[in-house]
Structures are given as structure tokens and as C-alpha cells.
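Scroll down for the structure; my scribbles are underneath it.
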Number of protein chains: 4
Amino acid sequence: MAPKRVDRQARRDEILSAAVLLFAERGYAATRIEDVAAAAGIAKGSVYLYYESREALLTAVFERWAERSRAVVEAALSGERPAMQRLEELLRSVIALLAGEPGLTRVMLDLWAAGRRSEGGAPPPFDMAAVYREYRTVVAALLREAAEEGAVRAGAGEPEAAVVVGAIEGCLVQWVVDPEFPFAEIADQMVEVCTRGVLRGAAGGAA
Amino acid sequence: MAPKRVDRQARRDEILSAAVLLFAERGYAATRIEDVAAAAGIAKGSVYLYYESREALLTAVFERWAERSRAVVEAALSGERPAMQRLEELLRSVIALLAGEPGLTRVMLDLWAAGRRSEGGAPPPFDMAAVYREYRTVVAALLREAAEEGAVRAGAGEPEAAVVVGAIEGCLVQWVVDPEFPFAEIADQMVEVCTRGVLRGAAGGAA
Amino acid sequence: MAPKRVDRQARRDEILSAAVLLFAERGYAATRIEDVAAAAGIAKGSVYLYYESREALLTAVFERWAERSRAVVEAALSGERPAMQRLEELLRSVIALLAGEPGLTRVMLDLWAAGRRSEGGAPPPFDMAAVYREYRTVVAALLREAAEEGAVRAGAGEPEAAVVVGAIEGCLVQWVVDPEFPFAEIADQMVEVCTRGVLRGAAGGAA
Amino acid sequence: MAPKRVDRQARRDEILSAAVLLFAERGYAATRIEDVAAAAGIAKGSVYLYYESREALLTAVFERWAERSRAVVEAALSGERPAMQRLEELLRSVIALLAGEPGLTRVMLDLWAAGRRSEGGAPPPFDMAAVYREYRTVVAALLREAAEEGAVRAGAGEPEAAVVVGAIEGCLVQWVVDPEFPFAEIADQMVEVCTRGVLRGAAGGAA
DNA sequence: GATGAATGAGTGTTCATTCAT
DNA sequence: TATGAATGAACACTCATTCAT
């Protein structure tokens, strides 16, 4: 009549954090449920009280990241500043988010990979492609707005947005592949190259 | 001469091609040695006559790709054109290489992932980080050269190079994650954004 | 008196009934303690307040059935009618019992199976063989009595009793294996075949 | 080029025999794949080279038994003797088959049980009910034929057939549950009770 | 060289049972 | 007494690798 009380969500988070740590360290493929359990300080079977399966853990990582990502995007977009300013802010926010969560970020590789899956049967448990689609849409919208405001070259659209998004993700890749890579430290250059390019005599106002 | 050699190499290549195909399709983790053997039209055990282990196959994929990559870089760098022209050519070549080998390219995910590995013991069987380091070095060198020629903003160096390299890799990611993504079709925008940025009136007639 | 007792027994019965239902539906092997608990409307752990173990549940099913069975046998045997009449009554009672408790009956399979068990170590928790031994003994006794009364062929004994008992159990098997099988509906034929056989010109009085 | 040769069917049979032995001894539920492998003198994984799954092993037992059963039935039915003679022969053959394969026979329990399965999803992997349906059909046909020949009571049909079939299965149950039970030894009584019943003076010299 | 049967370590998942509340 | 979270032994199945032929 006095059932044991447990903060389910808290426990879920603990487990997930342990999983993120391990996934980041050695990758999803090399991480056993038992490792996660041990890292979370519980028994193997207990993981299943909170997550349906090993894959559900990866999905949860995706969700944690997607949530963070969404929050950052929304925060960056609100406000009345000029579009270009909001874009720059968005880029800096995303970079800061990624730089601030190295664990979550290094799992990205596995999230990208899990988005695939064919043959086997089961469809991917989450839609990574949609995330990038949305990023591009948002950035493209800002670019168009900025073009209207005269700040950006007319005609800039999704392709340009893809490159901007890509620049960040691509730096991320370099960081994931090489922890020495100074991802956080080159935020300025990411923004600058995206806005002004590398050529000399680039237009004034930006960055 | 060494007819056996020729034969042997041919067979190695066949197997590797089969492996690339499968790795691209379903990922390294989901590809069994037996699948590779079947796709190559040989028996499971025979794979081991040509490759030490399953992982050696992935390493070989890396090597095939690194080789192609090196060739492209070298080709793009030679010649006497202005540095900026060579850089643009390099970017276009790399993009063309990637776009032209979708299979190899989609394995990139697994190559990135295999570059990690800790705890387990064995060190990564190949050094992905080195590849990007080299890319950056080459691009940075071109940027500096171009700066001396007055084409590029003074001070551009490794960080800017990282962003340029990242832009391509980041678009690659979007393509790998979403086969619908028009990677090859946005080559121009990759180059343009990297060189001139998105701002209006940025850098003159270049690119 | 012992209100707790009453309560306790009532609860035990509820749980057991839930178990019988589930065992009948999907078999003992496929029935989890948690299923039983849920079906009984209590928590998993509470089952253990009433039954030592999962196996104890099966044993209790056996006991419930053995009890019913014993009651029926005793009821059928009492009285002063001719032995043959008592035998027929016994058969009909047992058939009615089984037909009237489809749930309990369909668990028979698991009770038979649990009677085995070797190697593992623990001896069977209840003695199914003894039940059939007793059935045979009772029936054989009736047959002998009936023989003395001139109703039954002289010499009929345990073997004949086994066949009579078997006829019922065998029909039961057909029913358990195939719910469409009209077990209850062929009570007459079970009795008739056992007493008069199938041959033409069988002696009068029976059935 | 000289692939190892193995008599696949022979190996399958060896494994199956080992399985039958163990299933008979301790039941399907208590028999681990590893036990079967050990009993067959091979490694765990090798079992899977010959059988898809643990359940496939049980299905194979069913098939081995169904095959034997079918052969016996066919053999008993052929010939030109009076129907009643063929029926008796059929009964004796089936009894002999069962008595001669104690292992196979004691697995019957698990075959009966596996014929059920609900809820879980997957349909039963084989159809035990169909076997008994066929038995009844065959016996009923013989009874009708015998009735036309004047040997059997007019009107005897499926219900009577069910009882006859049941008598054998029911004795089987008693044997399975109690290895001491003299199944083989009471063949005569099974036949006699089924044909002439137990009543005195019942049906004349038949059987 | 080529084969594919054999191996057995490795792992996700289940579930009876325990026990703190 | 009742609960249900926690445990961890158990087990089916997979697959890289080996090796007899």
C-alpha cells in the first residue's frame, strides 16, 4: 500500500546520460546494454524498465538532441532584429549548443547512421533527414528575408542554406573525427565564411 | 611477370566493390561477411584469403577512398593557375569525386565512426583525422597563397580552410542522411558561398 | 473466527482462477506471473503472498482439479445400485466434470507434462500418475464387482479399466487439441463403446 | 574446390534424434538448444545449420511422427480383408508404432501443447488437430464399411470413431504420465474393449 | 586456392523472485 | 498486507573466424 516511489523521468534521464556518454566514447555499435546499466549504476535488466530496447536508447538520444536543437532554433529566431542578424545568431547558437554538449554531439555519427537502415525491414526509428530539411528551410527563409532587406544577394535560397548548414555540420564532422579540432574556437570563421566568403574586398556590414 | 598478383588484386577489388556496395546500402554494422562473399560470388571462407578480417575490409574501403582523394587533390593542385583558381578547382574536383562515387561516399559514415574506437583496446585501424588535417593544410596553403596574390582576405588560414572543407563534408552529410538531397547539383553554391559568402555585394567578380 | 483465513482463501482462489484461465488459454509455459497478477487485479509481488512460486500455482491447479475429481468419483460410487450402473454413472460424472470445466480441463496438458521432469533435479511437484492409477483401481473394482453380478465379462480387470479410463482421456485430448471437437456431445458414445463395443449384436442392457 | 562433404539429411536426423530423446526425457520446455547440441555431439551454433530455430526442431519431431503415422495407417488400410479386420489391424499397428517409439511418443505431450498457442501472435507451426481429424475420418469410414458388411452396429460413425481413437490416445496418456504403465501389453484389451465392450455376452466372436 | 561446415564467444531480452517502502 | 522497482540468471540466436577436405 506504500508502493516504492521512484522518479521515473529522473531515472530515465540518468540512464540516457550514461548512454550518451558511452555512445560518444565508443559508439553505439560498441556499447552493450550492460555497459549502459553499469555506467548508470543499475542492473542490466533494469534498463528495460525504462527503455524498450537498445535502439530505443538511441532514439531517446535523438529526441534529447532534437529537443535541444528545436529550443535553440526557436530562441534564435524570435525577436525583431534584421534577418541577417537573426541568422548569425542562429548559427552561433547552434554552434554553441553543439560545442556545449560534446557527448550528445559525438553521438551524431550514430544518429546519422541510424537514419538509414534498409533491407532489414524495420523503418528508421527517427528521421534525421527531416531535421536537416528543417534547418535548411529555416535558414533559407532567413536568407530570403535578408535579401528583401537588401542585406543578402538576391536569389539566395535552399541551396545556399544547405551550404551554410553544411559548413557547421562539416566542422562538426572534423571535430567528431578528431577531438583536437577546435570546433568551438572557430565559430567566428564559420559565420564569417558563410556570410562574406573568403575573398578579399568582401562587403562591409556582416559578422 | 606475376600473373598471380594480377589475379589476386583483381579478386581483392571485386570483393571490395561488393563490400562498398553493401556497406553503402545497409551500413558496415549490418553487413555480414557472408553477404559480402555472396555479393562477390565467392564462398564465405574465401573472403579471408584476401582480407584478414571484416575490419580489414573497412580499412580497404578507406584506402580506396583515400587513394582516389589523394589523386584528385594532386591533380587539382598541379598547374600554374592562380591559387584561387586552383582552390576552386580542388573544391569542384572533390565534389565531383564524391558525387561520382555515391557508394564510396555513403560509407563515409562508417569510416568516420571507425576512426573513433577507444576503451575496447585496439587503436583505430586507419586515421580519418589525418585526412581532414591534410585537406585543411592544403586548402589553408592555397588560401595563403591567394592572399599573397591579393585575391583573398589577408589572414585567412586553417580555420577558414576548416570551414571550406566543412561546407563540403556537411553537404555530404545531408546527402548521406537523405538520398534526395541534390548534392551534385549544388556544387556551384558550395563554391560560391565559400568564396563570396551570402552577403550582397560581397567580394567582386571572383569564383 | 478467522476472518483473515476466509479472506486469504478467497484471494487464493481468485488468483488461482485467473491462473487457470490463462493457463488454459495460452498454456503454463507462456503464462507469466505478471499476467496472472494482472488478471487477478493485483500486483505482481502480491501473488507471492499467496503462492510460493509459479510452479506452486500449477500445483494448486492440480489440487483444485484432483479435489473436484475425487468428489465426483465418491459421489458416483456411493449408493447401492448394481456395479455396472455405478460405473456408467461414474463415467458420465467424470465426463460432465471435464466438460463443465473447460478451463481446468485444458490445463490438463500442462499437468500431464509437469508430472514428468527428470534430470533437472526437483521431483515432480505432484503425482499425476497416482490419479490415473486410482481411476483404474476404482474402475477395475467396479468391473470385477459387475463381473460377479454377471453383467460384465469375467476376467475384466485393470487392463480393461485402463482402456475405459483412456477412452475418456483420449477424447479429452482430441478436445484440447481442437476446441471444435464435441467432447460433451459424445458422452453417450463414450459410454456405449466402452460397455458394448462397436460390434453388432452387442448385448442388451447397457447404455 | 573440394568442399567438405556432409550428409545433410543424416545430420539432421542425428540432431532430431537427440532432440526427441531430450524432449521425451524432460519435455520441450526444459530442453535447451545447447542440450540438444551436446547430445548430438556438436556445438550449439551448429544446430542452427540444420534447423531454423528451437521450434523448428519440435515441428520436425511432429513431421517425423506424422510421417510414421501416415505410413502405418496406409499400410493397415490396404488389402481386401473385411473392414473390421482392417480396423483391428489399424489399431494394432498404431499401438505397435507408438509402443515401438517411446521417445517419439512421449513428446506427444509437447506436440499437443504446441498445437494450441494463441495470443502470442504466431499461429501454431503444425496442425495436431488435423491429425486426429484424419484418424477419426479413417476409422469412421471403416466403421461404416463394416456396418454395411453387417459386422458393426448400424449408425456407428465419427463419434464412435472418436472414442476408439481416444481409447488409444488415452492409454498413451497414462503411459506418458507413468512409464510403468504397460501400454504395449494391453493392446489386446484396447482392441477388445473397443470392439466388444466390457459387457458380458456382448457381440459374438468378432475381432 | 576454394569451400562451407563447424565453432563458441558474445549479447539483447525476458521473467521469476526479492525486498524496501 | 500490498506494491512494483530492481535484480540477474538464463537462453535463443548470430556471426566472425577457422580448418579439414
Side-chain angles (χ1 to χ4, degrees), chain A residues 1-8 11 15 29-38 40-57, chain B residues 4 7-8 11 29-38 40-57, chain C residues 4 7-8 11 29-38 40-57, chain D residues 1-8 11 15 29-38 40-57:
Chain A
M1 268 191 178
K4 201 184 301 185
R5 262 309 128 210
V6 168
D7 185 336
R8 198 175 162 73
R11 187 70 83 157
I15 296 172
T31 303
R32 316 283 131 235
I33 282 283
E34 187 148 26
D35 300 332
V36 174
I42 60 177
K44 181 166 47 161
S46 303
V47 173
Y48 288 89
L49 295 176
Y50 298 92
Y51 292 93
E52 280 269 299
S53 66
R54 186 164 161 271
E55 185 177 76
L57 228 28
Chain B
K4 287 265 178 95
D7 229 33
R8 187 174 169 76
R11 189 68 79 133
T31 304
R32 320 280 130 239
I33 282 283
E34 185 147 26
D35 301 332
V36 175
I42 61 176
K44 179 164 48 160
S46 303
V47 173
Y48 287 87
L49 296 173
Y50 298 92
Y51 292 93
E52 277 271 296
S53 66
R54 184 163 162 273
E55 187 176 75
L57 269 173
Chain C
K4 289 265 178 94
D7 228 34
R8 187 174 170 75
R11 190 67 78 130
T31 304
R32 319 280 132 238
I33 283 283
E34 185 146 28
D35 301 332
V36 174
I42 61 177
K44 179 163 50 158
S46 303
V47 172
Y48 287 86
L49 297 173
Y50 298 93
Y51 292 94
E52 277 271 297
S53 67
R54 186 162 161 272
E55 186 176 75
L57 269 173
Chain D
M1 271 194 175
K4 202 185 299 184
R5 262 310 129 209
V6 169
D7 186 336
R8 200 176 161 72
R11 187 70 82 161
I15 296 173
T31 303
R32 318 283 131 234
I33 282 283
E34 187 148 25
D35 301 332
V36 174
I42 60 177
K44 179 169 45 160
S46 303
V47 172
Y48 289 90
L49 295 176
Y50 298 92
Y51 291 93
E52 280 269 300
S53 66
R54 187 164 159 271
E55 186 178 75
L57 229 26

Map every base of DNA chain E to its dot-bracket character, where paired means a Watson-Crick or G-U wobble contact with both distances under 3.5 Å and | marks a partner outside the strand. .||||||||||||||||||||
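We find that CD of D:Glu52 is positioned 9 Å from P of F:dC13, with the value rounded to whole Å. Rounded to a whole Å, the OH atom of B:Tyr51 is 22 Å from the P atom of F:dC15. Atom pair B:Glu34:CD and E:dG4:P shows a separation of 10 Å (rounding to whole Å applied). Rounded to whole angstrom, the span from the CZ atom of A:Arg54 across to the P atom of F:dC13 amounts to 19 Å. Per the geometry, OH belonging to C:Tyr48 stands 14 Å off C1' belonging to F:dT3, to the nearest Å. Whole-Å rounding puts the A:Arg8 CZ to F:dG4 P distance at 12 Å. With rounding to whole Å, B:Glu55 atom CD is found 18 Å from F:dC15 atom P.
Comparing B:Gly45 and C:Gly45 by the nucleotide of DNA chain F whose heavy atom lies nearest to each, the residue mapping closer to the 5' end is C:Gly45. When each of C:Gly41 and A:Ala43 is assigned the nucleotide of DNA chain F bearing its nearest heavy atom, the one mapping closer to the 5' terminus is C:Gly41.
For the pair C:Arg11 and F:dT1, the criterion of a side-chain N or O lying under 4.0 Å from OP1 or OP2 is not met. When the side-chain nitrogen and oxygen atoms of D:Ser46 are compared with OP1 and OP2 of E:dT7, one or more of them lie within a distance under 4.0 Å. Remark: A:Tyr50 is not in phosphate contact with F:dA5, judged by side-chain N or O atoms under 4.0 Å from OP1 or OP2. In this model, the phosphate group of E:dT14 is not approached by any side-chain N or O of C:Arg32 to a distance below 4.0 Å at OP1 or OP2.
Counting only heavy atoms from C-beta on, B:Leu49 has its side chain closest to E:dG1 among E:dA5, F:dC13, E:dG1. Counting only heavy atoms from C-beta on, C:Lys44 has its side chain closest to E:dA16 among E:dA16, E:dT7, F:dC13.
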